[in-house]
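In what follows, a single structure is set out as structure tokens and then discussed.
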Amino acid sequence: MAVKKILRIGHPLLLGQSAPVTAFDAAALDTLVDDLLDTMKSRGGVGISAPQIGVSRRVIVFGAANSQRYPDMRPMPITVLINPEIEQTDNEIESDWEGCLSIPGMRGLVPRYRYIRYHGFDRRGKEIKQEAEGFHARVIQHELDHLDGILYPQRIENMCMFGFEQELNEYWR
Ligand code: NI
């Protein structure tokens with residue numbers, strides 16, 4: 001278990017496609033999952049993906065009881081999701097402010113599906129099937145994007161709605 005350095009935008013590993021996990025219930029996977037949980041918690045994040053700590057594997061973790069980074073969020077159970085898949089259960093799209101531990105100090109207004117169903121596995125290989133909505137669904141879509149090399153600025157429709165958190169809080173939020 002360790003807090004890892006988080007790669008920042010500009011690092012090529014953040015732009016790659018991550019490979020599926022094939023060995024469950026394994027020491028290497030346990031280490032990766034624990035590192036992700038420790039690193040996310042240490043930074044007050046609500047989600048993180050394996051490529052952000054330099055491991056190109058399809059593993060994400062998300063959730064927090066509360067977050068300094070997102071004070072308005074409702075509690076979200078801490079979840080480890082391996083080889084995740086998502087589908088929208090409704091076509092409604094909503095835009096909201098998003099940040100990323102790999103893009104410190106910045107926020108952008110990003111459109112995402114409001115209602116999703118997600119599927120994947122826990123670290124022992126047990127299947128997980130759940131639904132999520134709103135900010136919870138947003139976080140999962142954001143983390144899944146990381147596994148395909150997509151960072152949230154690529155999803156912003158109006159680049160005027162991208163900037164430093166401090167200025168956005170002062171003038172826009
Ligand atoms: Ni991110």
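In each ligand, atom 1 is the first atom listed, and ligand 1 is the first ligand listed. Residues take their numbers from the sequence shown, with the count starting at 1. Because only heavy atoms are used, hydrogens play no part in the values below, and waters and symmetry mates are left out as well, while side chains stay in.
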Task: Heavy-atom side-chain proximity of Ile78 to Leu37 below 4.5 angstrom - done: yes
TODO: Report whether Met40 and Met73 are members of the same hydrophobic cluster (ILVMFWY, side-chain heavy atoms less than 4.5 Å apart, transitive linking).
DONE: no
Task: Around the Ni ion (ligand 1), number of protein N/O/S atoms which are nearer than 2.8 Å - done: 3
Task: Where Phe24 and Asn83 come nearest, the two heavy atoms and their spacing - done: CZ-ND2, 3.9 Å
Task: Short side-chain to backbone donor-acceptor contact, Thr79 and Pro77, under 3.5 Å - done: yes
Task: Ionic contact status for Arg123 with Asp34, cut-off 4.0 Å - done: yes
- [ ] Would you mind listing every salt bridge (charged side-chain N to carboxylate O under 4.0 Å, His left out) that reaches into residues 150-168, with sequence neighbours excluded?
- [x] Arg107-Glu165, Asp145-Arg155
